[in-house]
Protein chains: 2
Amino acid sequence: MPIPHETMRSLTEENYLKAIYRISLNKKLKISPTAIADEMGVSAASVIDMIKKLSEKKLISYDKVKGAKLLERGQKEAVAIIRNHRLWEVFLLEKLNYSWDEIHDIAEQLEHVKHPELADRLDAFLGHPEYDPHGDPIPKSNGDIPTTVKTLLSEIEIGKSCRVVAVKDTSSVFLQYLVQLSVNIGTKIKVLDIVPFDNSMLLQIGKEIKTTVSKRFAESLLVD
Amino acid sequence: MPIPHETMRSLTEENYLKAIYRISLNKKLKISPTAIADEMGVSAASVIDMIKKLSEKKLISYDKVKGAKLLERGQKEAVAIIRNHRLWEVFLLEKLNYSWDEIHDIAEQLEHVKHPELADRLDAFLGHPEYDPHGDPIPKSNGDIPTTVKTLLSEIEIGKSCRVVAVKDTSSVFLQYLVQLSVNIGTKIKVLDIVPFDNSMLLQIGKEIKTTVSKRFAESLLVD
DNA sequence: ATACAAAATTAGACTTGTCTAATAAACTAA
DNA sequence: TTAGTTTATTAGACAAGTCTAATTTTGTAT
Ligand SMILES: [Mn+2]
Ligand SMILES: [Mn+2]
Ligand SMILES: [Mn+2]
Ligand SMILES: [Mn+2]
């Protein structure tokens, strides 16, 4: 019976830490068992068990009214996994020529590969990229995360132009739609009109394409 | 209760397939529960359970007297994992500048990352390497494995020269010893003398180094 | 305040992969 | 062949992570 070292993390524990981190970015949301259950796609009962475990390991704090919160160690580990994830995404896109919409799922697996120097070596090999292919900042080795001004496309006014800096939704179906519309990180977009009825937007994408997109679309694209 | 698709492989199942494959390379050995238990570092009881499972999935056959044997599907999957492993080892050494003795453990994790095109893309990115950094052949996409003439250094006669083509032991401690002796894949070795008492060998390694090595050492190096 | 609804928690069960201890089968050496 | 030793197999238990079905607890709206 191998005694699990206190600092050993199972795949599952790592994914819970990531989920809690992700929810924490949404300052509005309380990190409740149900919120975590939604994020992880498991039952609330399962979450309660894991909350107990992560609390005992001092990776998170939990309080029925305040919800869960990453403690320092938990935060550090979550950020490290996200760093791995985003670096691997860059690798998959730039070196293995995968497309935008394929890389996330593979990175979900690669992010858990463990070796003390791996992220740093990968980072150096890739030339210290600042952003991943979806426009998300890649945490530095020390845990710092570069911040960027990001606005939802839906908040841009008629007549204004902007540049795509990131996607908020990394689902395959959304990314494929972007490819079809020739939208990429860096693409220039001008808001030509907004339909008052449902807030659909008429966009000029680059030089070529003029099209109307839904409010939901405009809320999934981050621009500068 | 998600019904596990018949073609889904757990990490554990994959490692058993690999272990069985590895034993099968040693034509002499019968692939018995104990042989597998040794290879995997688990109890024979655990092996019996897994043998049942893999048999039901038609990945192996098992018979008390004949032992276990990979069936076509099992063989194919084992070889695919080994292909992954060896390609990742090349990546880690050549692209991330890891050393000889560090790559195996990381590749043990990377080999299980799943995506239909991953091995082929990695293979192309690396320029279709034929051998991994330990001199082992990298299986082709179709499962073919280039064969090489390999002899144990221990079988070379006094006065003969040879070239290192592979290491039989990929343990860190052995590889570090090789580094210390300036032995690498391709290094030329001449057998100057053999001690009759214990079959130790006096070697000329490259131009510089002359040293005596144990029989065990000589049985861990493969030469052409 | 009461009553219903939503969220949190507990209880009990199941699956996978593991173990030890006991038993059964096979092998080996005198 | 018969005793003693390995192997193989079975039985029963356990840890991790999950689930469903209760059962609290909390919140909300009249
Ligand atoms: Mn991603
Ligand atoms: Mn993950
Ligand atoms: Mn290896
Ligand atoms: Mn493995």
Side-chain angles (χ1 to χ4, degrees), chain A residues 1-20 23 26 28-57 59-69 74 77 81 108-109 112 114, chain B residues 1-20 23 26 28-57 59-69 74 77 81 108-109 112 114:
Chain A
M1 62 254 63
I3 302 119
H5 193 314
E6 190 63 6
T7 69
M8 275 302 206
R9 300 288 163 261
S10 69
L11 220 209
T12 312
E13 289 173 323
E14 293 193 344
N15 282 332
Y16 272 95
L17 290 178
K18 261 214 313 178
I20 294 170
I23 298 168
N26 222 306
K28 302 142 214 168
L29 290 181
K30 175 177 143 190
I31 307 175
S32 58
T34 26
I36 299 172
D38 283 358
E39 184 71 32
M40 290 285 299
V42 299
S43 73
S46 303
V47 173
I48 298 271
D49 286 345
M50 187 53 81
I51 282 178
K52 279 179 192 143
K53 193 174 172 189
L54 296 177
S55 299
E56 268 160 27
K57 294 193 176 183
L59 294 165
I60 65 171
S61 62
Y62 179 67
D63 176 306
K64 194 196 293 219
V65 310
K66 291 188 173 179
K69 198 171 167 335
E77 295 191 19
I81 297 162
E108 283 293 306
Q109 302 173 61
H112 302 290
K114 221 132 345 268
Chain B
M1 60 247 76
I3 302 119
H5 193 315
E6 191 62 8
T7 69
M8 275 301 207
R9 300 289 164 259
S10 69
L11 219 211
T12 312
E13 289 173 324
E14 292 194 346
N15 282 333
Y16 272 96
L17 291 178
K18 260 213 317 178
I20 293 170
I23 298 167
N26 221 306
K28 303 141 212 166
L29 290 181
K30 176 178 143 188
I31 307 176
S32 59
T34 28
I36 300 171
D38 283 359
E39 184 72 31
M40 290 285 299
V42 299
S43 73
S46 304
V47 173
I48 299 272
D49 286 344
M50 187 53 80
I51 282 177
K52 278 179 193 144
K53 192 173 174 190
L54 296 177
S55 299
E56 268 160 27
K57 294 192 176 184
L59 294 165
I60 67 171
S61 62
Y62 179 68
D63 176 305
K64 194 196 296 220
V65 310
K66 292 188 170 180
K69 199 171 168 334
E77 294 191 19
I81 298 162
E108 284 292 307
Q109 302 172 60
H112 303 289
K114 218 126 358 259

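Please read these numbers as outputs of a predicted model, since none were measured by experiment. A note on names: the letters A, B, ... follow the listed sequences, proteins ahead of strands, and every chain is numbered from 1.
- Between Pro33(B) and Tyr62(B), the shortest heavy-atom distance links the atoms CG-OH, 3.4 Å.
- Side-chain proximity of Ser46(A) to dC19(D), dT18(C), dA8(C): nearest is dC19(D).
- In this structure, Met50(A) and Val65(A) both approach DNA chain D, and ranking their closest nucleotides by distance from the 5' end singles out Met50(A).
- The residue Thr34(B) sits close only to the backbone: its heavy atoms come under 4.0 Å of sugar-phosphate atoms, none of a base.
- Computed from coordinates, the Lys64(A) NZ to dT10(C) C1' distance equals 12 Å when rounded to whole Å.
- Across every non-hydrogen atom of His112(B) and Lys114(B), the tightest pair is O-NZ, 2.8 Å.
- A salt bridge does not link Lys57(A) to Glu77(A): none of the charged side-chain nitrogens sits closer than 4.0 Å to a carboxylate oxygen.
- When rounded to the nearest whole Å, the span between CD of Glu13(A) and C1' of dA15(D) equals 12 Å.
- Taking atom CD1 of Ile48(B) as the reference point, atom P of dA25(C) lies 14 Å away to the nearest angstrom.
- Under 4.0 angstrom from either OP1 or OP2 of dT10(C) there lies at least one side-chain N or O belonging to Lys52(A).
- A straight line from CG of Asp38(A) to P of dA8(C) spans 10 Å, rounded to a whole angstrom.
- Rounded to an integer number of Å, the gap from CD of Glu14(B) to P of dT16(C) is 16 Å.
- The shortest distance between the side-chain N/O atoms of Tyr16(A) and the OP1/OP2 oxygens of dA16(D) is not below 4.0 Å.
- As a whole-Å value, the separation of Asp49(A) CG from dC14(C) P is 17 Å.
- Closest contact between the side chain of Ser43(B) and the listed nucleotides dA11(C), dC19(C), dA8(C) involves dC19(C).
- Checked against dA8(D), dC19(C), dA11(C), the side chain of Ala45(B) finds its nearest nucleotide in dC19(C).
- Here Thr12(A) does not reach the OP1 or OP2 of dA16(D): none of its side-chain N or O atoms lies under 4.0 Å away.
- By the neighbour-count criterion of 12 heavy atoms within 6.0 Å, atom NZ of Lys66(A) is sparsely surrounded, having that number or fewer from other residues, nucleotides or ligands.
- Residues Asn15(A) and Lys18(A) have side chains in contact (heavy-atom distance under 4.5 Å, counting atoms from C-beta outward).
- As rounded to whole Å, 12 Å separates atom C1' of dA7(C) from atom CD1 of Ile51(A).
- We find that CE of Met8(B) is positioned 16 Å from C1' of dT15(C), with the value rounded to whole Å.
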